[in-house]
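See structure below.
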Amino acid sequence: MIETDSIDQGSSEKSNTKVFVLVFLMLCVLTGLSFWVANSYLMENKVVGWAAMMLVSVAKALLVILFFMHLWWERAWKYVLTIPALFMGVLLVLLLVPDVGYRYLTYSKDRRENAPEPVVSEPAEVSDATPKLD
Amino acid sequence: MNSKANPSESADIAKGGEDKGSHGHIELKYQPAVPVPKGKLAVWLFLSTEIMFFTALIGTYIVLRFGAPEGSWPTPEDVRVLEWLGAVNTFVLICSSVTIVFGMEAAKQDQPGRAKKWLLATFVLGCVFLGIKAYEYNSKFEHGIHPGSPRSLLYDRADLNYLSAVKSNLDAEILRIEKKKTALVSESGTGHDHGGGEKDLILIRAGLVQWTQKAVGETESPMVRELALESLAHQINPRGSNPRVETYLANEAADVRNRIAELMGQQEIVDEDVREMQERVKGLSAELKGEQDATKKSDIESRLAAATEESKTAAIKSTEVVDLLTPLKSRIAAYEQFGEIHDGLNEHFHLRLPMVIPSGNTWANTYFLMTGFHALHVLGGLVAFIVLLTFRLDRSRAGLMENVGLYWHFVDIVWIFLFPLLYLF
């Protein structure tokens, strides 16, 4: 009644191969998709593009975890070992957000002056500001 | 519980690390807390710590990346990242995930030969991944992108700190070439001509670095100071086209040319003066020699003294004009010689002058940390493959194959997240 290795069930071996090939093709397509997103109009609004690429990555990771790592066929222990760990990781990161993620919003004047210089691309009123060399 | 499992399955479990306990009179049954073989449980526990490890690493990168002020994070071109190479590596890892899955399936069906072939394919794909990674690392090192200080050449902004870094770096390089040259001369007596490279360096020093130093020191306007420093950084390592700087440089060149024309006119006049004075001094001293009359002699002497004085003043004036002309001339020479170089002096002359890439060091630190840890994990997987390849991969090893496969898939998942974050964002 306890399956030590649920996918080791003779009859399903052939169909497993099919599943794996299908997952492989989907992974390839999804890689192409994130590459396409990076060079498409979606990047005009960067947040949309980034979110799309992250969603694609999560989908790919899920495909690998569920099928290549057999979690789809495993019993409930899979939740015990993966979800708390994921929580810990995400919480660790969220702890950084107030001080590090929002650092730019709370820059002091001194710090702002020494911050990495953002790219300024507009050539506004430069011709007037040409230096006089004398 | 295990009594219900069929014989082949319990054999599986035994090889997978379960207690057999068949030597005693009573066969002790081990009831696992989690219904999986011990080895697999151990791998999954390890992987759950790995999940925390990489989530923290990748998440910290995300926080740093998206917390950076708009536009102050390096673009892929800034840091020599090739998107398609990352995509190729992603494909390679996905393929390797599939090959190891097929390897495990073959082992389960008790086909050791096929299993070994699939495993070998996985091993080769892992090597390809690391090879591409090594190539990428190398191309970054070649362009002076290292993980942080003390070797870093990356500066956040073009300021005085940056200027002095360029200056000391350039001085050291010129000194090194000179030393090498004298060493070569003293060794062989002939000495190869490294003059081309050195001449360029000296022109960079005079026409760019010292010029910028002067411009920054002389100007009152913070705007001009910023532009002068920015143009230096742009000429050393351009980050795309920068119309602001290009207009500045073009206007400045026109200005410098005008000043040179003006000063050349002055120089001609001054030189004429010098020649005239020298001739007068010559004439007077000749006159002095031929003169016998004492009163006339003293008169000539006083005129001679005045003329000498004037000639000296004219000579000083002439050197003053030359002093003014020299930096302008080297600036215009630098402008003409380097103006057409669009990939930057560092790239063109294979120099390693400090570069301005905003947040470049943070980028390099996080990039090398994440890809470095990932590459170490790939390396660990390759070692496991080598060990596995020495075994006969029949049904009894299927559990072991699965465990190594689980680890390998996890490595693949990490890359699935790293690829868009590092190459496409």
> Measuring heavy-atom distances to chain B, does A:Leu92 have an atom under 4.5 Å in its side chain, in its backbone, in both, or in neither?
Replying inline: side chain
>> Please classify the contact between A:Val58 and chain B as side chain, backbone, both or neither, with a heavy-atom cut-off of under 4.5 Å.
In response: both
> How long is the gap from OG on B:Ser97 to CZ on A:Phe67, to the nearest 0.5 Å?
Replying inline: 14.0 Å
> Which atom pair, heavy atoms only, marks the closest approach of A:Val64 to B:His409?
Replying inline: CG1-CB, 3.8 Å
>> For A:Thr82 and B:Trp44: C-alpha separation, side-chain torsions, deciding distance, then whether side chain to side chain contact (heavy atoms under 4.5 Å, CB included) applies.
In response: CA-CA 8 Å; A:Thr82 50; B:Trp44 265 109; 3.7 Å; yes
> Do B:Met104 and A:His70 touch side chain to side chain, with heavy atoms closer than 4.5 Å?
Replying inline: yes
> In Å and rounded to the nearest 0.5 Å, what is the CD1 to CG distance from B:Ile51 to A:Leu86?
Replying inline: 6.0 Å
>> Report which part of B:Ala228 has an atom under 4.5 Å of a heavy atom belonging to chain A: side chain, backbone, both, or neither.
In response: neither
> Below 4.5 Å, heavy atoms only, C-beta onward: do B:Thr55 and A:Phe87 meet side chain to side chain?
Replying inline: no
> Checking side chain to side chain contact (heavy atoms under 4.5 Å, CB included) for the pair B:Val98/A:Phe68: CA distance, chi angles, key distance, verdict?
Replying inline: CA-CA 8 Å; B:Val98 178; A:Phe68 287 173; 3.5 Å; yes
> Do any of residues 42-53 of chain A have a heavy atom less than 4.5 Å from a heavy atom of chain B, and if so, which, in residue order?
Replying inline: A:Met43, A:Trp50, A:Met53
>> Distance check, rounded to the nearest 0.5 Å: B:Leu41 atom CG versus A:Trp77 atom CH2?
In response: 7.5 Å
> If you look only at pairs with a residue in residues 87-106 of chain B, which of them pass as a ring-ring contact (aromatic ring centres under 6.0 Å, His included), with sequence neighbours excluded?
Replying inline: B:Phe102-B:Trp118
> How would you list, in number order, the residues of residues 82-89 of chain B that have a heavy atom less than 4.5 Å from chain A?
Replying inline: B:Glu83, B:Trp84, B:Ala87
> Tell me, side chain or backbone of A:Tyr102 under 4.5 Å from chain B's heavy atoms, or both, or neither?
Replying inline: neither
> Just how far is it from atom CG of B:Asp412 to atom CE of A:Met69, taken to the nearest 0.5 Å?
Replying inline: 9.5 Å
Identify all side-chain donor-acceptor contacts of residues 413-425 of chain B below 3.5 Å with residues at least two apart in sequence or on another chain.
unit_1	atom_1	unit_2	atom_2	d
B:Trp415	NE1	B:Thr90	OG1	3.2
B:Tyr423	OH	B:Lys133	NZ	3.1
B:Tyr423	OH	B:Glu136	OE1	2.9
B:Tyr423	OH	B:Glu136	OE2	2.8

>> Taking side chain as everything from C-beta outward and backbone as N, CA, C, O, which of these in B:Leu47 sits under 4.5 Å from a heavy atom of chain A? Side chain, backbone, both or neither.
In response: side chain
> Is any side-chain heavy atom of B:Glu105 closer than 4.5 Å to a side-chain heavy atom of A:Asn16?
Replying inline: yes
> If you count the non-hydrogen atoms of other residues, nucleotides and ligands that lie under 6.0 Å from CE in B:Met52, is the total more than 12?
Replying inline: yes
>> Is A:Leu94 in contact with chain B via its backbone, its side chain, both, or neither, using a 4.5 Å heavy-atom distance?
In response: neither
>> Which atoms of A:Ile83 are under 4.5 Å from chain B, going by heavy atoms: the side chain, the backbone, both sets, or neither?
In response: neither
>> Between A:Ala61, A:Ser57, A:Ser34, who has the most heavy-atom pairs with chain B when the cutoff is under 4.5 Å?
In response: A:Ser57
> Does the side chain of A:Glu74 come within less than 4.5 Å of B:Val36's, by heavy atoms?
Replying inline: yes
